[in-house]
Amino acid sequence: MNLNERQLEAVRYIGGPCLVIAGAGSGKTRVITSKIEYLLDTCGYPGYSVAAVTFTNKAAREMKERVFRSVSPEAAEGLIVTTFHSLGLRIIRSECSRIGLRSNFMLFDEHDKEILVRSVLGELQPSAGADDFSKEDVERILGFISSCKMDMVEPEDSQSRAEDGDGILCSKVYSRYASMMRSYGALDLDDLIYLPVIFFRSHPDELARWQRRLRYILVDEYQDTNSCQYELLKLLAGERQAFTVVGDDDQSIYSWRGARPENIDLLIRDFPDTRVIKLEQNYRSTGRILKCANALISANSHTFGKKLFSAADFGPKVNVFVTKDDERQADLLSSEILGSTYMHHSRWKDYAVLYRSSHLSRIIEKAFVRNRIPYRISGSVSFFDRSEVKDFLSYFRLILNHDDDNAFLRVVNTPRRDIGAATTEKLGIFARKHGMSMFDAAQSALFQKEVGANTFRALGEFCEFISGRTDQAEDDARGMAESLADDLGYGAYLSSSSKNEDIASIRMRNVEQLVSWLTEKLDGNPREHLEPQSFEASVHSLCTRDMLEHSSLGEDDEELDQVQLMTLHASKGLEFPYVYIIGMEEGVLPHQSAIDEGDVTEERRLCYVGITRAMRELNLMEVKTRRGAGRSMRRQGENDGDGKNRRGSPDDSKMTESRFIGELPSEDLDIHNETRPKTEDEKAAEAKNVSMLLKEFLQSGG
DNA sequence: AACATAACAGTTTTT
DNA sequence: CTGTTATGTT
């Protein structure tokens, strides 16, 4: 199966912990899939005794596909190939009674969490109004809570992290947040890892059961593990220490999410017997691209020095395109890709446009539409993040469980029922005081005097509506789900709230898709061996597993011939013949926040990831001016002499070239600067290109 | 007290 | 483009 010596060693070594330092393009996914195959076919491990863990759903899906292509379904029976979070969910699902969690627990998304934190804040500081806390405040607190969980810090111990008054508040909110979550029977994403660790630490017998089941564990993208995930790995691996982790410290780009690249060093300290195997032969890129990548990354410090080499051609120079602004950049990008497809007879999907932040794709998109270039943006809004989907999930949740205050808050006034913020505020206070749910509070006679008659009537009608659906769901969940949109007048609500009727119908389709998803669970699907499930179980799996695993929709049309637009983060693990990295400017590629923090090493790795995606050709693009970028570093009077620039001159900031371009060997760069008059040589080269294009075009019989 | 309308600003990366 | 904020209206 064509593995090189190092790769083979990594596959065959199962005697103890194994750390594979795998440079970009060195075939690490192949090592993992081959190793699974080896364990199953050659070593006779039963499928259910092996788990391969990745970080993204995409990677998990890809790996599953590859493994099932080469291993028989019987041998792979029970094999686990999922994300860390899904594995955690699986553990929690099977242990929930022992964890002390209701079996119908729900996953809270960002929005749910925000609502909860706001309510906790209101409780902790009754004097302050709900609006005293901005979105940033809430996000900062949520960030604190999240990083605590990722570092295995329990609420009681989180005060030590709090240096100032703000931290003390965070810690207090964390405590209350945790107990509220518990009483709701709700989990956040961090809990999916955190809870199993806590559970296993205090239940050695249950841990032993899992250890007996999982005889071998493989972890991809190990450099992205956070402390909590590493802890889970250590616990599951136990005495046997039978695991392989594959990672690349130079591709650690998720430290903002708690990832600890130091876990690579920690592993060697914790498991001194670890066999370390380095994969340095790159099978992806040209020699020149690797030379640039190596040059760039050498500016960072390393514990495991490694130098990628390639047997491929040295390849063409790296192009650097300098344009006046991003609109011009988008046009140039379009024409470059158009020209290149003619020149190389390549397909759209051979091209990738990568960028630091997602909003940079907008201008490119517009240009691609103008120029009829088919494209696909990955990492756009996920299905479960759409407001109409969340509305319906909340309806289902509330119909299932009247005590679900978050669901209540989300839908009590959607569609409009004349129940606003003031009323829900009062409801919250009243419910807390009497220790009841908001749903019950809304119907309580005592609450009647708190609000006006109209409002109370609206609340009553709402609760009655929900109760009616609950009754209906008892014997006809399918019918209830299918008529819910009509009964709510949701279509009319969508038409009035979306500007465009087309958008309204797209949203309605999303709702219909969600409903049909639910009904398929209710009815079961013999073709896919799905047993019919209760309403409760169906909603539960929609709000946990499906939410987690169907994160980004539209990734199924992967095989369409389209130019790929994505963030640098999303590009990790992928490869493309032709890569364009746009926005190569200070403040954009080393992102401003990183510059402010005084540490751009992760940004450099991000750039490294982008560069190493390229197989044949790499193009970098930078602009001279950008609107509203960076902090108001506006300098008047520095506009070019030709009078007024049409596009708001005073607010355009001058951009400087990304330092990362300067870190590349200049002899490997081919600079195309539109903002400078062209030299005769450049003109000649361009003319040559045009004539080549023409020739190609004529030859292709056009 | 809730809503409609307009005006506005600002967008790091994601399970 | 979308979610948030300020204003006037019912």
Side-chain angles (χ1 to χ4, degrees), chain A residues 53-60 82-89 107-111 114 131 134-136 139 146 149-150 187-194 221 224-226 228-229 252-259 354-363 365-366 378-382 384-387 413 415-426 450-455 458 496-500 503 544-545 547-552 566-572 583 587-597 602-603 605-607 609-610 627-632 651:
Chain A
V53 188
T54 65
F55 280 84
T56 63
N57 292 310
K58 199 163 59 177
T82 38
T83 62
F84 256 110
H85 289 87
S86 291
L87 177 65
L89 177 64
L107 259 185
F108 268 22
D109 64 11
E110 287 309 303
H111 192 253
E114 216 181 291
D131 295 342
S134 67
K135 211 172 159 70
E136 290 92 63
E139 274 163 8
S146 180
K149 289 190 188 180
M150 289 189 293
L187 302 180
D188 62 27
L189 281 160
D190 302 309
D191 287 330
L192 295 179
I193 320 288
Y194 178 77
E221 307 283 12
D224 289 337
T225 49
N226 60 39
C228 196
Q229 289 161 336
S252 158
I253 53 175
Y254 285 109
S255 72
W256 51 273
R257 221 173 77 190
L354 310 180
Y355 35 83
R356 174 64 237 256
S357 25
S358 51
H359 69 271
L360 293 177
S361 70
R362 292 206 59 79
I363 309 142
E365 246 187 295
K366 276 207 260 177
S378 58
S380 47
V381 215
S382 103
F384 283 93
D385 275 343
R386 303 176 123 105
S387 61
N413 202 30
R416 297 275 118 94
R417 294 189 185 87
D418 279 18
I419 300 164
T423 305
T424 50
E425 184 112 347
K426 283 181 197 159
E450 304 263 346
V451 292
N454 285 338
T455 307
S496 68
S497 65
S498 348
K499 248 295 178 324
N500 184 341
I503 292 176
T544 55
R545 205 155 74 104
M547 224 167 135
L548 204 60
E549 292 180 5
H550 255 270
S551 60
S552 39
M566 66 186 78
T567 62
L568 287 162
H569 284 87
S571 75
K572 196 167 68 152
V588 178
L589 190 33
H591 193 268
Q592 190 58 48
S593 55
I595 297 174
D596 293 343
E597 301 270 309
E602 180 148 324
E603 300 290 309
R605 290 194 290 267
L606 204 44
C607 187
V609 166
R627 282 226 293 214
R631 299 160 301 153
S632 56
D651 282 357

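Within every chain, numbering begins at 1; the chains are lettered A, B, ... in the order of the sequence lines, protein sequences first and strands thereafter.
- The footprint of chain A on DNA chain C, defined by a heavy-atom cutoff below 4.0 Å, extends from C:dC1 to C:dT4.
- If you check every strand for non-hydrogen atoms under 4.0 Å, A:Asn413 touches sugar and phosphate atoms only.
- Across all strands shown, A:Ser593 has heavy atoms under 4.0 Å from base atoms, whether or not it also approaches the sugar-phosphate.
- Rounding to whole angstrom units, CD1 of residue A:Ile193 and P of B:dT14 are separated by 18 Å.
- Comparing A:His569 and A:Asp418 against DNA chain B, the residue whose closest nucleotide sits nearer the 5' end is A:Asp418.
- Contacts of A:Tyr254 with the nucleic acid, taken as non-hydrogen atoms under 4.0 Å apart, involve only primed sugar atoms and P, OP1 or OP2.
- No salt bridge links A:Asp224 with A:Arg257; every basic N to acidic carboxylate O contact stays at or beyond 4.0 Å.
- Of all nucleotides listed (B:dC3, B:dA1, B:dT15), B:dC3 comes nearest to the side chain of A:Arg416.
- Between B:dT14 and A:Thr56, no contact under 4.0 Å exists linking OP1 or OP2 to a side-chain N or O.
- A:Thr54 contributes a side-chain N or O that, together with a main-chain N or O of A:Thr56, makes up a donor-acceptor pair within less than 3.5 Å.
- Judged by distance alone with a 3.5 Å cut-off, no donor-acceptor contact links the side chain of A:His359 to the base of B:dT11.
- Counting only heavy atoms from C-beta outward, the side chains of A:Ile253 and A:Val609 approach each other to under 4.5 Å.
- Picking from B:dA1, B:dT15, B:dT14 the nucleotide with the shortest atom distance to the side chain of A:His85 gives B:dT15.
- Contact annotation: A:Thr423 side-chain N/O to B:dA2 OP1/OP2 distance is under 4.0 Å.
- Side-chain atoms of A:Val588 and A:Leu360, non-hydrogen and from C-beta on, do get closer than 4.5 Å to each other.
- Between A:Met547 atom CE and B:dT14 atom P there is a gap of 17 Å when expressed in whole angstrom units.
- Every ring-ring contact (aromatic ring centres under 6.0 Å, His included) that A:Phe55 has, sequence neighbours left out, goes to A:Phe84.
- When rounded to the nearest whole Å, the span between CG of A:Asn226 and P of B:dT13 equals 20 Å.
- Regarding A:Glu110, its CD atom lies at a distance of 9 Å from the C1' atom of B:dT14, rounded to whole Å.
- Separating the CG atom of A:Leu87 from the P atom of B:dT15 is a distance of 17 Å, rounded to the nearest angstrom.
- Residue whose closest nucleotide on DNA chain B sits further toward the 5' end, between A:Glu603 and A:Thr455: A:Thr455.
- Whole-Å rounding puts the A:Lys58 NZ to B:dT15 P distance at 9 Å.
- In this entry the distance linking CG of A:Leu189 with C1' of B:dT13 reads 16 Å, nearest Å.
- Checked against side-chain hydrogen bond (donor to acceptor under 3.5 Å, both in side chains), A:Thr83 has the following partners two or more places apart in sequence or in another chain: A:Ser86.
- Contact annotation for A:Lys426: backbone-only contact, meaning every heavy-atom pair under 4.0 Å involves sugar-phosphate atoms and none involves a base.
- Between A:Glu602 and A:Trp256, the shortest heavy-atom distance links the atoms OE2-CD1, 3.6 Å.
- For A:Ala570, whose side chain is taken as the heavy atoms from C-beta onward, the closest listed nucleotide among B:dA4, B:dT14, B:dT15 is B:dT14.
- Of all heavy-atom pairs between A:Leu589 and A:Glu603, the closest is O-OE1, 2.6 Å.
- Whole-Å rounding puts the A:Arg417 CZ to B:dC3 P distance at 11 Å.
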